[in-house]
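Being a predicted model, the structure only gives us computed values, none of them experimental. Any value given below was found using the heavy atoms of this structure, including those in side chains, with hydrogens, waters and symmetry copies removed.
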Amino acid sequence: MEKFRKVFGPGKPVIGMVHLGALPGAPLYDAEMGPEGLVEAARSDLQALQAAGFDAVMFGNENDRPYEFNVDPASTATMAYVIGRLRGEITLPFGVNVLWDPISTVALAAATGAAFVREIFTGTYASDMGPWSPDAGKAMRYRDRLGRRDLAMLYNVSAEFADSLDRRALPDRARSAVFSSIPDAVLVSGQITGEAAELSDLEAVKKVLPDTPVLANTGVKHDTVADVLAVADGCIVGSALKQDGDTWKPVDPARAADFMDRARKARGV
């Protein structure tokens, strides 16, 4: 937990998502908007999250549907460009996630100075993108080769858009991942982006991992954040902060501020 606390401090962090627009090479990329449009949209979301008082932010490429296991280098390079353009404006700890490519995620973190990463590092899955078998050992060794032993690794142990081929119960898989792969935190997700993890799953994973931070990774909403933070050690939130609660729309400053007001009350701050 030492590295987790070094990044996020005491208490239960609430991490807000900056969902970048579709990147070059992705089917939904808007060539007319171009990289500069990506920068401006990300800047607007970043400013809204920081003004609302989030504890950290994370940059992700959720709009690069359909997702890839070996991400186009143009996507990673453009994410680095956008974050680099905003680097002087980021006042919070920030993380990155290049869906669904652990190596590209670690590379992006090294290039931008991110404090943490989120990814699927362990397990074997049947997914919308085909068979999915990440390699935690390769990702961790790559992190070390890039000189980023300080990088906090947040392991999502219940992949979205997929079903685990490992038939062990989720708490057993989470406990095994901590023993074998040394994550700095474990994340529990719903079935797809914006869909909540079952509270019972959070409770079960936390019960077997009392000394490891366990965070809710998807689907936390204004009316559930208090219940989630009563169980979990923090949460990551994106869709609930958007205009009309729509994952693909910009962050709504009023919704973001209201969410953090509720989170602070839930944490007793």
Side-chain angles (χ1 to χ4, degrees), residues 1-4 7-8 15 58 60-62 67-71 76 95-110 114-146 148-193 195 197-198 200-219 232-236:
M1 194 175 288
E2 180 180 350
K3 194 181 297 182
F4 183 85
V7 173
F8 298 108
I15 303 166
M58 181 160 54
N61 62 329
E62 266 79 2
Y67 303 120
E68 300 177 293
F69 297 136
N70 297 296
V71 170
T76 309
V96 297
N97 183 196
V98 186
L99 302 168
W100 293 98
D101 186 339
I103 297 301
S104 291
T105 296
V106 171
L108 180 62
F116 63 97
V117 296
R118 173 187 69 177
E119 206 19 286
I120 300 292
F121 290 103
T122 57
T124 302
Y125 305 88
S127 80
D128 294 346
M129 295 77 68
W132 189 351
S133 298
D135 187 335
K138 182 178 180 181
M140 294 285 270
R141 286 165 175 80
Y142 188 53
R143 177 202 67 178
D144 292 353
R145 289 205 305 275
L146 295 181
R148 288 303 312 272
R149 285 180 177 268
D150 63 314
L151 185 64
M153 309 285 277
L154 279 54
Y155 281 37
N156 183 359
V157 296
S158 47
E160 301 130 77
F161 315 103
D163 182 54
S164 175
L165 297 177
D166 181 344
R167 305 327 294 179
R168 292 177 296 173
L170 176 60
D172 290 334
R173 288 190 277 119
R175 185 164 56 94
S176 183
V178 168
F179 182 89
S180 66
S181 302
I182 331 171
D184 298 295
V186 164
L187 311 178
V188 180
S189 306
Q191 286 295 304
I192 62 174
T193 299
E195 190 169 296
E198 295 289 341
S200 59
D201 285 342
L202 282 167
E203 291 170 340
V205 172
K206 187 59 196 175
K207 183 177 180 180
V208 300
L209 296 176
D211 300 321
T212 299
V214 175
L215 282 70
N217 188 48
T218 61
D233 298 302
C235 65
I236 299 171

Suppose the criterion is ring pair (Phe, Tyr, Trp, His ring centres under 6.0 Å): which pairs have a residue in residues 161-185, not counting sequence neighbours?
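Checked against ring pair (Phe, Tyr, Trp, His ring centres under 6.0 Å) - neighbours excluded - the pairs reaching residues 161-185 are Tyr67-Phe161.
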Any chance you could measure [X], atom [atom1], to [Y], atom [atom2], to the nearest 0.5 Å?
{"X": "Leu154", "Y": "Leu215", "atom1": "CG", "atom2": "CG", "answer": "6.5 Å"}
{"X": "Arg143", "Y": "Thr105", "atom1": "CZ", "atom2": "OG1", "answer": "14.0 Å"}
{"X": "Glu119", "Y": "Asn156", "atom1": "CD", "atom2": "CG", "answer": "8.0 Å"}
{"X": "Ile182", "Y": "Tyr155", "atom1": "CD1", "atom2": "OH", "answer": "7.0 Å"}
{"X": "Asp135", "Y": "Ile103", "atom1": "CG", "atom2": "CD1", "answer": "7.5 Å"}
{"X": "Asn97", "Y": "Leu108", "atom1": "CG", "atom2": "CG", "answer": "9.5 Å"}

Glu198 atom CD, neighbour heavy-atom count above 12 within 6.0 Å:
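Check fails, neighbour count at 12 or below.
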Looking at every heavy atom in both [X] and [Y], which two are closest together, and how far apart are they?
{"X": "Ala152", "Y": "Asp184", "result": "CA-OD2, 3.3 Å"}
{"X": "Thr212", "Y": "Ala185", "result": "CG2-CA, 4.3 Å"}
{"X": "Arg148", "Y": "Ala109", "result": "NH1-O, 3.2 Å"}
{"X": "Val96", "Y": "Met58", "result": "N-CG, 3.9 Å"}
{"X": "Asn61", "Y": "Leu99", "result": "OD1-N, 2.8 Å"}

Residues in ring pair (Phe, Tyr, Trp, His ring centres under 6.0 Å) with Phe8, at least two apart?
->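 Result, ring pair (Phe, Tyr, Trp, His ring centres under 6.0 Å) vs Phe8: Phe4, Phe116.
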| request: Kindly write out the residues that satisfy ring pair (Phe, Tyr, Trp, His ring centres under 6.0 Å) with Tyr125, not counting sequence neighbours, or none if the list is empty. | output: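 Residues passing ring pair (Phe, Tyr, Trp, His ring centres under 6.0 Å) with Tyr125: Trp132.
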With sequence neighbours excluded, what pairs up with Ala115 under the side-chain contact (heavy atoms from CB on, under 4.5 Å) test?
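Partners of Ala115 by the side-chain contact (heavy atoms from CB on, under 4.5 Å) criterion, ordered by chain and then number, come out as Val7.
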Side-chain ion pair, Arg118 and Glu62, N-O less than 4.0 Å:
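Yes, this pair counts.
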I'd like to check [X] versus [Y] (side-chain heavy atoms, cut-off strictly below 4.5 Å). Are they in contact?
{"X": "Pro183", "Y": "Val178", "result": "yes"}
{"X": "Glu160", "Y": "Thr193", "result": "yes"}
{"X": "Phe69", "Y": "Ser127", "result": "yes"}

Applying side-chain hydrogen bond (donor to acceptor under 3.5 Å, both in side chains) as the test, list every pair that has at least one member in residues 201-210; sequence neighbours left out.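 Counting only pairs at least two positions apart or across chains, the side-chain hydrogen bond (donor to acceptor under 3.5 Å, both in side chains) contacts touching residues 201-210 are Lys206-Asp233.
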(request) Output yes when a side-chain donor or acceptor of Thr218 lies under 3.5 Å from a complementary backbone atom of Ser189, and no otherwise. (result)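 Not a single qualifying donor-acceptor pair exists.
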Open item on the list: Looking at Val71, is its backbone amide N or carbonyl O close enough to the side chain of Asp101 to form a donor-acceptor pair, meaning the two atoms are under 3.5 Å apart?
Closed with: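 Yes, the answer is positive, given that a donor and an acceptor are paired below the 3.5 Å cut-off.
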> Run the side-chain contact (heavy atoms from CB on, under 4.5 Å) check on Lys3 and Asp150 step by step: do they pass?
Replying inline: CA-CA 7 Å; Lys3 194 181 297 182; Asp150 63 314; 5.7 Å; no
Listing, residues 162-174 side-chain donor-acceptor contacts under 3.5 Å, not counting sequence neighbours, or none:
{"unit_1": "Asp163", "atom_1": "OD2", "unit_2": "Arg167", "atom_2": "NH1", "d": "3.2"}
{"unit_1": "Ser164", "atom_1": "OG", "unit_2": "Asp166", "atom_2": "N", "d": "3.1"}
{"unit_1": "Ser164", "atom_1": "OG", "unit_2": "Asp166", "atom_2": "O", "d": "3.1"}
{"unit_1": "Asp166", "atom_1": "OD1", "unit_2": "Arg168", "atom_2": "N", "d": "3.0"}
{"unit_1": "Asp166", "atom_1": "OD1", "unit_2": "Arg168", "atom_2": "NE", "d": "3.1"}
{"unit_1": "Asp166", "atom_1": "OD2", "unit_2": "Arg168", "atom_2": "NE", "d": "2.9"}
{"unit_1": "Asp166", "atom_1": "OD2", "unit_2": "Arg168", "atom_2": "NH2", "d": "2.6"}
{"unit_1": "Arg167", "atom_1": "NH1", "unit_2": "Ser164", "atom_2": "O", "d": "2.2"}
{"unit_1": "Arg168", "atom_1": "NH1", "unit_2": "Ser176", "atom_2": "OG", "d": "3.3"}
{"unit_1": "Asp172", "atom_1": "OD1", "unit_2": "Arg175", "atom_2": "NH2", "d": "3.3"}
{"unit_1": "Arg173", "atom_1": "NE", "unit_2": "Arg168", "atom_2": "O", "d": "3.3"}
{"unit_1": "Arg173", "atom_1": "NH1", "unit_2": "Val157", "atom_2": "O", "d": "3.1"}

